[in-house]
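Since the structure comes first, as structure tokens, the remarks are kept for the end.
Residue numbers begin at 1 in each chain, while the letters A, B, ... track the order of the sequences. Just so we're clear, the structure is a prediction, and the values are computed from it rather than from any experiment.
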Amino acid sequence: MTTSKMANLKRPNLSVEVAGIKMRNPVMPASGTFGYGEEYTPFLDLNQLGAVVTKGLSLRPKAGNAMPRITETVSGMLNAIGLQNVGIDAFIRDKVPFLSRFETPVIVNFFGNSLEEYGEVAARLNDISAIAGVELNISCPNVKQGGIVFGTDPAAASEVVSLVRSRLQKPLIVKLTPNVTDITVIARAVEEAGADAICCINTLTGMSIDVRSRKPSLANKTGGLSGPAIRPVAVRMVYQVAQTVKIPVIGVGGIVNAMDALEFLIVGATAVQVGTANFIDPTAMISVIDGIEQFCIDEGMDDIHQLIGSLQL
Amino acid sequence: MTTSKMANLKRPNLSVEVAGIKMRNPVMPASGTFGYGEEYTPFLDLNQLGAVVTKGLSLRPKAGNAMPRITETVSGMLNAIGLQNVGIDAFIRDKVPFLSRFETPVIVNFFGNSLEEYGEVAARLNDISAIAGVELNISCPNVKQGGIVFGTDPAAASEVVSLVRSRLQKPLIVKLTPNVTDITVIARAVEEAGADAICCINTLTGMSIDVRSRKPSLANKTGGLSGPAIRPVAVRMVYQVAQTVKIPVIGVGGIVNAMDALEFLIVGATAVQVGTANFIDPTAMISVIDGIEQFCIDEGMDDIHQLIGSLQL
Amino acid sequence: MSVNRTELLKEKGEQMQNYNTIILSNQEVSPGYFRMRILAPGFGAKARSGQFLMFRVQHLLLPLLRRPFGIFRVGLLPPDCEGMPPKEYVEILYKVVGGGTRIMSELHHGDHVELLGPLGNGFTSGAVKKVKILVGGGIGLVPLYMLASELVTQSPVRLLMGGRTRDDILAVTEFERLGVETYVSTDDGSLGEEGMVTEALKRKLVRFPDAEVYACGPMPMLKAVRDICYKRGVSLQVSLEAHMACGVGACLGCVVKGAAHTEETPQYLCCCKAGPVFMAETLDWGKIDTDDKSCGGCA
Amino acid sequence: MSVNRTELLKEKGEQMQNYNTIILSNQEVSPGYFRMRILAPGFGAKARSGQFLMFRVQHLLLPLLRRPFGIFRVGLLPPDCEGMPPKEYVEILYKVVGGGTRIMSELHHGDHVELLGPLGNGFTSGAVKKVKILVGGGIGLVPLYMLASELVTQSPVRLLMGGRTRDDILAVTEFERLGVETYVSTDDGSLGEEGMVTEALKRKLVRFPDAEVYACGPMPMLKAVRDICYKRGVSLQVSLEAHMACGVGACLGCVVKGAAHTEETPQYLCCCKAGPVFMAETLDWGKIDTDDKSCGGCA
Ligand SMILES: Cc1cc2nc3c(=O)[nH]c(=O)nc-3n(C[C@H](O)[C@H](O)[C@H](O)COP(=O)(O)OP(=O)(O)OC[C@H]3O[C@@H](n4cnc5c(N)ncnc54)[C@H](O)[C@@H]3O)c2cc1C
Ligand SMILES: Cc1cc2nc3c(=O)[nH]c(=O)nc-3n(C[C@H](O)[C@H](O)[C@H](O)COP(=O)(O)OP(=O)(O)OC[C@H]3O[C@@H](n4cnc5c(N)ncnc54)[C@H](O)[C@@H]3O)c2cc1C
Ligand SMILES: Cc1cc2nc3c(=O)[nH]c(=O)nc-3n(C[C@H](O)[C@H](O)[C@H](O)COP(=O)(O)O)c2cc1C
Ligand SMILES: Cc1cc2nc3c(=O)[nH]c(=O)nc-3n(C[C@H](O)[C@H](O)[C@H](O)COP(=O)(O)O)c2cc1C
Ligand code: FES
Ligand code: FES
């Protein structure tokens, strides 16, 4: 099949622009599965990726949850890392110099425990030239308001996005939680509040039990479900969101290979993120990029945009 | 390990009561995966099950969706059968006589496309003595009210449950959809509206794409995700609901073997349903029953109630 | 009050069974096509031509669902040691098309597998002595072999076999050994005549206008065969494919539209229970929406 | 502006690599315990004792995550034919405890596997000539073999090996062949002394009060060993286990509490990156909450 279209020898254009960030291809890691970029350099060249997305950062260092923090489920994993991170200062001091050595745009994922914290982190990040854009994780509870998760309520989502927008000139990607009744309502709210792009989905809340001990497998009781198990839910939500908003959508959830990534592009994602699969195969993203390119060649496409949103109904 | 507790030779009591329905063990099929009971009689004895749960019924026969209706995903399947069923009259005429020949309680799953329809079906079912109880599927859209899904809105859920309750003396189990932000809100609403038990979860909405043709794998575009992939989400929701309501909870979602079923019992389910696994192994429910019994013996329990809700935190 | 299961099965005439068994052999017979023999005591006595089985690829839940395969043939192998009964087997013939069949192709003698069967309604034999024309497209020839072996005892049988290339033409010598006259055509002319198997069918029907036709293959081929038979008033039985989860009529995932189907009063028939073999006139050919991709097919 | 990857790796001294390779052998050496040799050219030159690897059981996504295993030893096998270079292998020694290790136990010579390694920080050799006491509990002996082979060249080495029954005592003769004096104890007395390995340690430390101790095994054993060494001011290195997803410090799933840990200013160390070998004094022993179930352990 590959050779049948050999005539088309020109390599297809895979570059995309998301929220004003130019990427050489639409493939990047999902936050929290690629550390701060450095951890995977023995296995792949960061310059080959569309972008690098960091572990979620907060204003101050965050310790994270007690152990155990991860457990395997059928075709998925649950994690309750608890957003452990070095904090914004250490990130700027220790990680940014390394990341600046690559051509690949750096997207910083961040969160806050209150509205104010979100605003402060945004302001800090705005000053760092090495950062191409930010990804706002709104799957966190607002500790000051009874712990309601920002991303599950359109008003709260809108409020936090507006605030961040007001403190930030950089491209703003908002990452949505799938644990909602209607993701299009949240998507519309964050678009109106000034998001430049939407990333979905974050993990589905799940739980697993160690039957012998009768204890939850995770110290935190519940955790976030990721991996191939959740892909159908992610594809559905990306489809719904892409139908709803005008800003670009980044698809994430259960991508392991190029075919998986293509599902997201076809339903309208402009780019994709690979998460759990990095753990299974540290070069997974490279295979995804190569596979997308090969698919374009096989199908006689010279630009990835012919593929994006090409769903046939 | 099995032999280490040989002293305990008495068989443990596995019988449970759900919504006033007495079952010889806590294992029954999930609606829509076991036809009307007859289809699986070549492989297992219906008298061995805790209960039989029928395919969802509606007032009039329902044709269901166009093909393809099912597709496999990683450790899961998507279905968009479209609630095809023979309708309540044909069920009473053709299926009830067969089901009446067994000792096992028959639970009829049903749905409506409007409030009135729900009420009418309830009234019809109330008159049939061979039916031990009903399971109300509220994952359907209210076609008369802009298509909002009853089970995703506490007020709508409450309304439909109240109506059905007023037309029905039989035990009433309400089956919840997992596609909501906070399942405890819905659970509380249906408890207050008169449900005798809650069954959760129905399928997660998902989508998958045939990359070559760029078409959705299902004619209906989206479908319901079931199977082992969703189990962590189901366990989490059953845990949350069992913490919230006083009525019994039936756990369903991704159960394949006894260990899976035990997770649900431990987090507080009084009984469990096996769905997709019936397709993989038509005797799956028998293995689940045997495995639960063996576990009780191994752990020196003489009654399944020592296991139910035994989560250690 | 309660019913006894054994009586119930007798009363219903149910034959299907779940076999926990092993593979006897699994060989590539043409590039991408494999034949697998599976130990299945008692299966042969129950199976009728056109029926199928649901095959569980591995005990691991990958793939999750069972895969449907036609019964190619049933038979006996000599026992491993003298005095033992011969080994009854069922044989399937499959094409590697996706994840499940790929894993199948890597299984070996002795590997543990499960199968559910025999399932569904098979072919009906038709009038004795009348010429029978079997039309097979690619892997669609599978259910025709057992059918042929039943038919040859009472009628002249012709097989029209089509495929994309020579690699897609399978088991022809075995049909010939049964005494079936076979005609082969391929899209690229690499074996037999170049062209479509439907052209051969038209010619045959000129010679044998009251023949009875049996067809299995990709949906476009079946539609063409049906048009040809319909116009000529020729009796046709077709074996269909549909995505299946249960194989026993419980999930309603595998339906096809019946002849009485309309948008207002839909008639959906379970391919696994009412089929997979249907009399052509019982189906809605205008709109049958069995997913074309999913046909066994020449491709 | 941009950096060259090869330079970068040199600059960082990174040694780890993903090997797409095959199994050379996989044998059950004691009930439930297997040794697997995996072809890994170049691995041996990089690996240090106490490091581990992440093993991908099958190319299929089942199990989903890789499994961490200590490096038991590295070595060379004679080439298949003359003139070829010898085959470099890495050997792991594992216990079947769950789904992943069960599938591993069914793999054969020639099966394709992937491994990521060598990963983590290994043991440090300590003072030349000082007596080294290695304490192993069950499968916890794995990282001690390579350590012993490094230490014997410069110091007297003693192995105290504990297990539940004789079946849990592995590879003792191989340690002896290195010139290591070994003492065995089992819970049921079925091999060596009846009792806990920690009792043997106390006795040894009376004789060699300035010995250096290295331990690997289930957490209760490690805690007891740590208490014994702490009270006596003896230097201790421990190798820990934790549930791991990535093995390279990216997921933060595998942390243990550091000595400076408090509720207010938590100190979490990645077991895969800062460990798996730690100097005992760098850890918070009061509250280390490495999940007890997950220890290789005698049990
Ligand atoms: C009654 C019947 C008899 C069949 N007999 C044969 C036979 O004798 N030889 C043979 O090679 N094939 C036969 N098929 C088709 C065979 O079932 C599929 O090729 C096989 O299921 C593909 O599995 P996969 O995992 O390799 O493909 P994938 O595409 O990865 O499968 C994904 C899903 O789609 C389903 N699927 C894919 N293709 C088909 C199809 N054509 N029909 C139904 N479901 C499909 C699979 O069962 C699975 O659930 C038959 C199908 C039916 C319904
Ligand atoms: C650094 C390190 C070195 C190890 N070295 C060895 C060794 O040399 N020999 C050996 O037999 N075992 C060793 N283990 C333990 C080994 O990783 C587990 O026994 C194995 O992962 C169990 O997999 P499973 O699928 O059979 O079990 P399951 O319980 O089904 O696994 C489920 C999940 O839990 C994880 N898990 C289960 N037990 C452990 C454990 N004890 N430690 C970490 N994760 C666990 C698995 O990796 C998997 O993600 C080591 C663990 C670590 C962290
Ligand atoms: C270990 C782990 C840590 C994660 N940490 C973060 C995080 O810090 N911020 C965030 O927005 N998402 C985080 N995620 C979610 C992922 O970015 C991604 O949305 C999710 O895992 C689904 O993608 P996948 O199925 O490809 O893994 C984390 C996921 C995992 C598995
Ligand atoms: C083919 C199929 C048909 C179903 N039909 C119904 C139905 O009619 N009514 C209903 O309440 N749930 C229906 N369900 C949902 C199941 O009852 C169950 O809630 C869900 O499949 C999750 O369980 P499982 O993972 O064990 O399959 C159906 C599920 C499947 C797979
Ligand atoms: S496959 Fe389930 S009804 Fe036919
Ligand atoms: S296993 Fe991922 S950080 Fe250690």
Side-chain angles (χ1 to χ4, degrees), chain B residues 29 32-48 55 61-77 79-85 98 100-104 210 212-213 215 217-219 226-229 256 275-283, chain C residues 1-9 11-18 20 54 56 59 61-67 98-100 114 116 119 242-257 261-268 270-273 287-294:
Chain B
T33 66
F34 204 63
Y36 301 101
E38 215 166 332
E39 291 79 356
Y40 277 101
T41 46
F43 311 108
L44 48 75
D45 183 350
L46 300 190
N47 278 329
Q48 288 187 259
K55 172 74 189 160
K62 198 160 186 284
N65 291 327
M67 288 287 288
R69 289 177 172 188
I70 52 175
T71 192
E72 186 164 328
T73 65
V74 184
S75 296
M77 66 177 277
N79 89 78
I81 306 300
L83 294 168
Q84 175 178 344
N85 76 93
F98 176 80
S100 313
R101 297 170 67 181
F102 298 89
E103 284 161 7
T104 303
D210 179 82
R212 293 277 160 207
S213 67
K215 283 189 196 161
S217 308
L218 300 178
S226 64
V256 173
T276 303
N278 294 315
F279 306 151
I280 305 166
D281 177 3
T283 60
Chain C
M1 171 207 181
S2 191
V3 70
N4 174 296
R5 190 171 157 250
T6 326
E7 270 167 34
L8 192 76
L9 295 184
E11 176 187 312
K12 300 183 70 195
E14 297 284 13
Q15 297 281 18
M16 49 187 154
Q17 191 182 320
N18 189 34
N20 250 296
M54 294 292 284
R56 183 166 181 189
H59 197 72
L61 297 172
L62 190 128
L64 187 70
L65 298 174
R66 292 186 182 223
R67 299 292 189 253
E114 283 177 57
L116 207 66
L119 301 172
H243 283 230
M244 293 182 174
C246 72
V248 299
C251 74
L252 307 179
C254 68
V255 296
V256 294
K257 287 179 188 165
H261 184 88
T262 65
E263 281 305 307
E264 301 74 46
T265 59
Q267 185 198 23
Y268 280 121
C270 274
C271 184
C272 70
K273 199 84 184 170
K287 283 169 285 181
I288 274 193
D289 52 10
T290 304
D291 174 6
D292 273 3
K293 306 186 304 296
S294 76

Identify the heavy atoms of C:C251 and C:A245 that sit nearest to each other, and give their distance.
SG-CB, 3.7 Å

I need the minimum non-hydrogen distance between B:G32 and B:F279, along with the two atoms involved.
O-CZ, 4.3 Å

Heavy-atom proximity to chain C below 4.5 Å, by part of [X]:
{"X": "B:K62", "value": "neither"}
{"X": "B:P61", "value": "neither"}
{"X": "B:V256", "value": "side chain"}

Atom group of C:Q17 that falls short of 4.5 Å from chain B, counting heavy atoms:
backbone

Under 4.5 Å from any heavy atom of chain B - which part of C:M244
backbone

Among [options], single out the residue with the greatest number of heavy-atom pairs under 4.5 Å to chain B.
{"options": "C:L62, C:L64, C:N18", "answer": "C:L64"}
{"options": "C:P63, C:A250, C:C254, C:G247", "answer": "C:A250"}
{"options": "C:P266, C:C246, C:G249, C:G253", "answer": "C:G253"}

With sequence neighbours excluded, tell me which residues meet side chain to side chain donor-acceptor pair (under 3.5 Å) with B:T33.
B:N278

Residues passing the side chain to side chain donor-acceptor pair (under 3.5 Å) test with B:R69, sequence neighbours excluded, are B:Q84

Can you find a heavy atom in the side chain of C:Y268 that is under 4.5 Å from one in the side chain of B:I81?
no

Backbone of B:E103 reached by a side-chain donor or acceptor of B:N47 within 3.5 Å:
yes

